[in-house]
Number of protein chains: 2
Amino acid sequence: MKEQRSVLVIEDERAILRLLRDVLEHENLIVFEASTGRMGLVELGSRRPDLVILDLGLPDMDGKAVLRDLRTWSQIPVLVLSARGNEEEKVASLDAGADDYLVKPFGVPELLARLRALLRRSEGPIGKGPIYRLGSVCINMVTRSVTKSDAEVHLTPVEFRLLSELLRAEGRIATQRHLLREVWGPGHESSSHYLRIYMGHLRRKLEDDPARPRYLLTETGVGCRCLCERLADPDLAV
Amino acid sequence: MKEQRSVLVIEDERAILRLLRDVLEHENLIVFEASTGRMGLVELGSRRPDLVILDLGLPDMDGKAVLRDLRTWSQIPVLVLSARGNEEEKVASLDAGADDYLVKPFGVPELLARLRALLRRSEGPIGKGPIYRLGSVCINMVTRSVTKSDAEVHLTPVEFRLLSELLRAEGRIATQRHLLREVWGPGHESSSHYLRIYMGHLRRKLEDDPARPRYLLTETGVGCRCLCERLADPDLAV
DNA sequence: TTTTTTCTTTACGGTATTTTTACGCCAACT
DNA sequence: AGTTGGCGTAAAAATACCGTAAAGAAAAAA
């Protein structure tokens, strides 16, 4: 069972918005929408999509300002759409944190291919293989499925995001601040509460003995780390 | 001092190759070169660059074939260059594993901005930090892990902060005032007591003979210092 | 709508860490 | 010798942090 991925479209032109919604939903993506930069940032915080499509020409604020803002707390992939095809604008946007830049009018197949490329990248830690193992637990970042002793384990969206961040840290400690930011968005950096609750959920679902965790560890006062082994890791560059 | 990154350019046109080498080196990148697909794959395996620029029109094999081949074992970011700007070609390349696609003739600033975006993604939090050694004790500042004769040693937050400050001084004396301010914050500059207690903790955990310390020394009335060796950063696990 | 799932909030017992307190040692002076 | 000030250790006390359960609220699904 493949988990669906979501995309937030920040775009004020109705026509393009409708077009995008249609083609993206046809790609089996969940589509969230926002028509201003401010709303976009709010939606981003509450919906936590896997990807953002950002129009540079928004009514309330400059697209690059939106980018800079979100880049202060999130690493989410962003594809910028713009009517402006001049080089300075491209360079400025990419350097402000965009991952790709597409000039309108764009070809839908190309847009989708570029989105697939971005999603492929964000499936797992960069340069790492998409499959992880913690004891009897397997995590496939491509299909976003988790199994324990070959039995499917269902994770809620928050649980999966938290696990992803832990895996991304690759055995290093992920600080509480960082995890809270990446999973719950800015403004939750002090609710270390959630962290304990959801670490508890993950342990109960994934550890053999949740009370004595072997893989999902917490460093008191600092953060958490996940001792994981990567299976299908084609890239040796660690 | 920022770590230098490397890029492999797979391109058969001499003129473009020279141009790329110049601008990339000017960007402080190490440039490797290959003029055929086959050589490119070999170089890729031996040089392990951080990034690949791949021309689609190679003399010996199709660029997409190169891409598919390398994607069976490497997740390295690839930017495709091509004279062909038609959409099918873009989609095919992106779906074959390319991360970006730029049509020739391209603007150098845009190329560089796209490369920066790709490198930004792959540098990620996978930072390699300094490693220190005191006898049989190893301290990795990034993973925040401490081992003594290969056994994991657990340090509390205060213990780790204190040790970090001592290591940062690299053998020089850190005054009591300084340590107290850095570890316990301003306002505790006179509680030199804490220092003795926590130096004791560190000695008991890290020294072979805590009563006769070899590495964690105190200079009576002045401060403390740590005789440590700074090793090269944890390297690529080739 | 109702039902189900997921997220947030609240409560509380247990554990880890930090701070406080107490006491012994040594070297340098009176 | 006795005193003094800085150091080192060991514990108890206080605090901060962690893990779990469960109920209420919100969102999603039926």
Side-chain angles (χ1 to χ4, degrees), chain A residues 1 3-4 6 25 30-32 42-43 45-49 146 152-163 166 173-177 179-180 183-185 187-207 209-225, chain B residues 144 146 152-163 173-177 179-180 182-185 187-207 209-225:
Chain A
M1 177 207 302
E3 215 172 308
Q4 253 183 312
S6 59
E25 280 176 349
I30 298 167
V31 180
F32 305 122
V42 172
E43 284 289 292
S46 56
R47 304 289 192 170
R48 320 309 330 278
V146 180
E152 182 85 12
V153 176
H154 174 73
L155 297 188
T156 72
V158 171
E159 285 163 4
F160 191 84
R161 279 204 299 275
L162 176 57
L163 182 60
L166 289 170
I173 295 183
T175 65
Q176 296 188 353
R177 277 190 80 77
L179 290 172
L180 289 165
V183 178
W184 281 272
H188 290 79
E189 286 93 344
S190 53
S191 0
S192 52
H193 237 47
Y194 290 175
L195 221 41
R196 288 184 220 117
I197 295 170
Y198 278 90
M199 282 299 287
H201 289 179
L202 286 178
R203 285 196 189 106
R204 197 168 40 179
K205 289 184 177 181
L206 304 181
E207 290 274 2
D209 182 357
R212 228 166 281 96
R214 292 185 55 196
Y215 305 104
L216 298 161
L217 312 177
T218 93
E219 302 275 332
T220 303
V222 184
C224 304
R225 72 164 118 191
Chain B
R144 210 178 171 283
V146 181
E152 185 84 11
V153 176
H154 176 75
L155 296 187
T156 72
V158 171
E159 285 163 4
F160 191 82
R161 277 206 301 276
L162 175 57
L163 181 60
I173 295 182
T175 66
Q176 294 190 352
R177 282 190 78 78
L179 290 172
L180 288 164
E182 292 297 322
V183 178
W184 279 272
H188 290 79
E189 285 93 344
S190 54
S191 1
S192 55
H193 214 51
Y194 289 174
L195 222 42
R196 286 182 221 117
I197 295 170
Y198 278 91
M199 282 300 286
H201 288 180
L202 287 179
R203 286 193 188 109
R204 198 171 38 178
K205 288 183 177 180
L206 304 181
E207 292 274 2
D209 182 358
R212 228 165 281 97
R214 292 183 55 194
Y215 304 105
L216 298 160
L217 312 177
T218 93
E219 305 279 334
T220 301
V222 186
C224 305
R225 68 165 143 176

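In what follows, chains carry the letters A, B, and so on, assigned in the order in which the sequence lines appear, proteins first and then strands, with residues in each chain numbered from 1.
- Using a 4.0 Å heavy-atom cutoff across all strands shown, B:S191 reaches no nucleic acid atom at all.
- Within 4.0 Å of A:R47, counting heavy atoms only, lie sugar-phosphate atoms of the nucleic acid but no base atom.
- By the side chain to side chain contact (heavy atoms under 4.5 Å, CB included) test, A:R214 pairs with A:E207, sequence neighbours left out.
- Applying the ring-ring contact (aromatic ring centres under 6.0 Å, His included) criterion to B:Y194, with sequence neighbours excluded, gives B:W184.
- Considering only residues two or more places apart in sequence or on other chains, B:S192 meets the side-chain hydrogen bond (donor to acceptor under 3.5 Å, both in side chains) condition with B:R196.
- Under the side-chain hydrogen bond (donor to acceptor under 3.5 Å, both in side chains) criterion, B:E219 pairs with B:R225, not counting sequence neighbours.
- Across all strands shown, A:S192 has no heavy atoms under 4.0 Å from either base or sugar-phosphate atoms.
- Think of the region where chain A sits on DNA chain D: with heavy atoms and a 4.0 Å cut, that region ends 5' and 3' at D:dC17 to D:dA28.
- In this structure the side chain of A:M199 reaches within 4.5 angstrom of the side chain of A:L166, judged on heavy atoms.
- Every residue two or more places apart in sequence or in another chain was checked for a salt bridge (Lys or Arg N to Asp or Glu O under 4.0 Å) with B:E182, and none qualifies.
- The residue A:Y198 sits close to a base: some heavy atom pair falls under 4.0 Å.
- For B:E159, the salt bridge (Lys or Arg N to Asp or Glu O under 4.0 Å) partners two or more places apart in sequence, or in a different chain, are B:K205.
- Not counting sequence neighbours, A:F32 has no partner by the ring-ring contact (aromatic ring centres under 6.0 Å, His included) test.
- First and last contacting nucleotides of DNA chain C toward chain B (any atom under 4.0 angstrom from a heavy atom, 5' to 3' order): C:dT17 to C:dA22.
- With sequence neighbours left out, A:R47 forms a side-chain hydrogen bond (donor to acceptor under 3.5 Å, both in side chains) with A:E43.
- Taking a pair as Watson-Crick or G-U with both hydrogen-bonding distances under 3.5 Å, the stems of three or more pairs touching DNA chain D are C:1-30 with D:1-30.
- At the heavy-atom level, B:H154 lies under 4.0 Å from the strands shown only through sugar-phosphate atoms.
- When the side-chain hydrogen bond (donor to acceptor under 3.5 Å, both in side chains) test is applied to A:E25, no partner is found at least two apart in sequence or on another chain.
- Here the side chains of B:L206 and B:Y215 are not in contact, with every heavy-atom distance at 4.5 Å or above.
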